[in-house]
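Written below as structure tokens is the structure these notes are about.
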Amino acid sequence: MPIKYHKLSQTFHLYNNEISYIFKILKNNQLGHLYYGKAIRDKDNYDYLLETYSRGMSVCTFENDSSFSLDHIKQEYPTYGTGDMHHPAIDITLENGSHIVNFVYKQHEIIKGKPSLENLPATYVEDNNESTTLKITLYDDVIETYLILSYTIYENRNVITRNAYIKNNGKQKIVINQIMSMSLDLPDKDYEMIELTGAWARERYVKNRKLEHGIQSIYSLRGCSSNAFNPFIALKREHCDEYQGEVLGFSLVYSGNFLAQVDVDTYNVSRVSMGIHPHCFGLELNKNEDFQTPEVVIVYSDNGLNGMSQTYHSLYQERLCRGKYRDLERPILINNWEATYFDFDEDKILEIAKKAKELGIELFVLDDGWFGKRNDDHRGLGDWYPNLNKIPSGISGLSRKINDLGMKFGLWVELEMVNKDSDLYREHPEYTLETPQRHSSHGRNQYVLDFSNDEVVQYIYKMISKVIEESHIDYIKWDMNRCMSEVYSSCHNSHEQGKVMHEYILGVYHLYDKLTKKFPNILFESCSSGGARFDPGMLYYAPQCWTSDNTDAIERLKIQYGTSFVYPLSSMGSHVSAVPNHQICRNTTLDTRAHVAYFGSFGYELDITKLSIDKQNMVKQQVEFMKAYRRLIQFGTFYRLKSPFEDNETIWMVVSKDKSQALVGYYRTLQEINVGYRRIKLLGLNKNYSYHVSLLDQNFYGDELMNVGLITSDSSSSDHNDEGDFVSRIYVLKAN
């Protein structure tokens, strides 16, 4: 079994062929961390790693023992105030006002497989032999409360998952101010922290910072995981790059407020913690009440950042995403949003759909504006019935007309929001999150429904289910276009307001769960003004996400590059849109727009009826190309070769599982003059295969392409060039 307990030393060792995670029961019966990293040989005792020393000004646990201080011992799940003076993993207020707790070892069990988390998304296994789980029960006898820490290690993946569960068995009420999903003490600070940072239309930019003393953290208090910070950090060694070196990844499977933090003390110990953000949390637990934290997925790689990312890609693609489309190539779609915005009728929609069918596109998606009195973003949101003035045959009739063309039909919804100018709000103003006697702010002229109230969730479920049941719908784009503010739920009392934002997210998960179970053949795509809720929690229900509202090809290089640090290509919604681009007014060629959008779940978002015949023929060729290679793109092994954050060129590639095919995407942002010759070393090929390389129309062995490189020199290397800015190419490699 990949988890061993050594009874004499009271040591736990989680390991497989690649990684080891070691901790033990300390002499005060709390848990002390010993090692996490590259796999090491199992043995009975690792106590030499405990490193207890006598240090001045330390608070010590035992009389006449100045070496055992929690201020200096690396721990598994630390608390504050009994010697450890750093940020804790858990903070509880007792009835007497004290925050002092003492969770000590009571028992453990090692089980095959991986238990699911109640009401929360999490990674899973299909065969219990894929993983082993350790559940350690800790107990505080003063407050009679259990704390269970769960660790799962996958047999053949560099992955450990962690979560925490707490149950109050005592008579006194306790208030959980903070409960992290995990905490990990690392023995030094010689890391650079990578985060995925941004804002609307520039989500998940890659940012690096060197760890220093004190706290470095990212977070969301927006009610969603947010476009500001993604719920992911990585710690890499100084010389680690895309191809080599050690890196630790931490990814939270959750879609709400979060905190990811590294606290470096003055002895250079780095404490990593991740979980639900404690601000305004304040969860009361009475007797027999409990709470389950979301899961953190921890990945170790000694093969650089690509190695870390590929582990996340395969895990999230195969053991987080679920349902019919988990393993299926995604249909090529046309979305009418940037073609029409709110200004459309049934004839215009059918005109676009007919042209799309001619060009080989498989799925038509009707975006915002089809329901209620929705002719702009000021009204109608929440009224989930068709606007018959725009669509006389309704969604039922329109979907059948699209099907009769030989295409699938998809629909946009925004189920969590409401306009005040709507039947829903007029009938149920209490259904919104709104603080009494306080002004309510809007976002995109809309307000947030109280999904912590199951009555609201059931109301929305009933409305949208009726639309789906009456129609032929193959795809739903579920949008969410604003963050939370003035959060207060009228269905909870004053002592329960601290759990509203978390229960809102549970309500979203519950609605997703009901809809995906009732309509298992529908492909769901999550969206949040683009990428404001692009997180693992969403992927559990919707296997792809609209990556960003910014559809400019050059900006998408950065957005998709950063997103790929954690998320597989199959999860990235990526479309060819109109020029000048609607977000930044840039002009790029139709080829370049497609060459970027290929690396995701491909589609179009423009009025194809207005394209010239030549451009329509180009679209037809692009669709044919994507159909030929989408399985390779969406389910192959992805490598980042050159970063848009560091260079004028961006290069990435994807290799088939059997290494018989590969695609290399090459992108040069600005034209250069009289530069040197260029080549890029490829990765992941079979060194013994001979590959035919398109564009060059030559054959090269895999070892040549990986050790010598693919020649990418072009006309920018001379003073005679006609390519200009924003150039792109796709190299197709096929084994002979």
Separation of Leu710 CG from Ile680 CD1 (nearest 0.5 Å): 8.5 Å

So how far is it from Glu646 CD to Asp241 CG, rounded to the nearest 0.5 Å? 9.5 Å

Lys NZ or Arg CZ of [X] over [Y] ring: under 6.0 Å, within 45°:
X      : Y      : value
Arg330 : Phe602 : no
Lys477 : Trp546 : yes
Arg204 : Tyr561 : no
Arg237 : Tyr191 : yes

With a 4.0 Å cut-off, would you call [X] and [Y] a salt bridge?
X      : Y      : answer
Arg678 : Glu649 : yes
Arg319 : Glu126 : yes
Lys355 : Glu358 : yes
Glu329 : Arg631 : yes
Glu605 : Arg593 : no
Arg209 : Glu195 : yes
Arg157 : Glu318 : yes
Lys114 : Glu295 : yes

In terms of heavy-atom contacts, does [atom1] of [X] have more than 12 from other residues, nucleotides or ligands at under 6.0 Å?
X      : atom1 : result
Lys210 : NZ    : no
Lys627 : NZ    : yes
Tyr701 : OH    : no

Can a side-chain donor-acceptor contact be found between [Y] and [X] if the only test is distance below 3.5 angstrom?
X      : Y      : value
Asp42  : His13  : yes
Asn303 : Ser301 : no
Asp552 : His582 : no
Ser713 : Arg679 : no
Gln560 : Thr547 : no
Asn521 : Tyr325 : no
Asn736 : Ser690 : yes
Glu246 : Tyr300 : yes
Asp367 : Asn336 : no
Tyr598 : Ser574 : no
Asp658 : Ser656 : yes
Tyr691 : Glu704 : no
Gln583 : Thr551 : yes

Hey, does the side chain of [X] reach the backbone of [Y] with a donor-acceptor pair shorter than 3.5 angstrom?
X      : Y      : value
Thr592 : Phe726 : yes
Thr133 : Gly113 : yes
Gln634 : Pro568 : no
Glu555 : Ala553 : no
Asp647 : Ser643 : no
Arg326 : Leu320 : no
Ser528 : Gly531 : no

Would you check if Asp535 and Leu539 make a side-chain contact, meaning some heavy-atom pair closer than 4.5 Å? no

Students often mix this up, so state it plainly: with edges at 30° and 60°, are the rings of Tyr667 and Trp652 parallel, tilted or perpendicular? perpendicular

Ring-plane angle category for Phe232 and Tyr312, please: parallel below 30°, perpendicular beyond 60°, tilted otherwise. perpendicular

Where Asn128 and Val125 come nearest, the two heavy atoms and their spacing: OD1-CG2, 4.2 Å

Partners of Lys236 by salt bridge (Lys or Arg N to Asp or Glu O under 4.0 Å), sequence neighbours excluded? Glu192

Which residues share a ring-ring contact (aromatic ring centres under 6.0 Å, His included) with Tyr205, sequence neighbours left out: Phe645

Assess the pair Tyr35 and Tyr21: is the distance between their ring centroids shorter than 6.0 Å? no

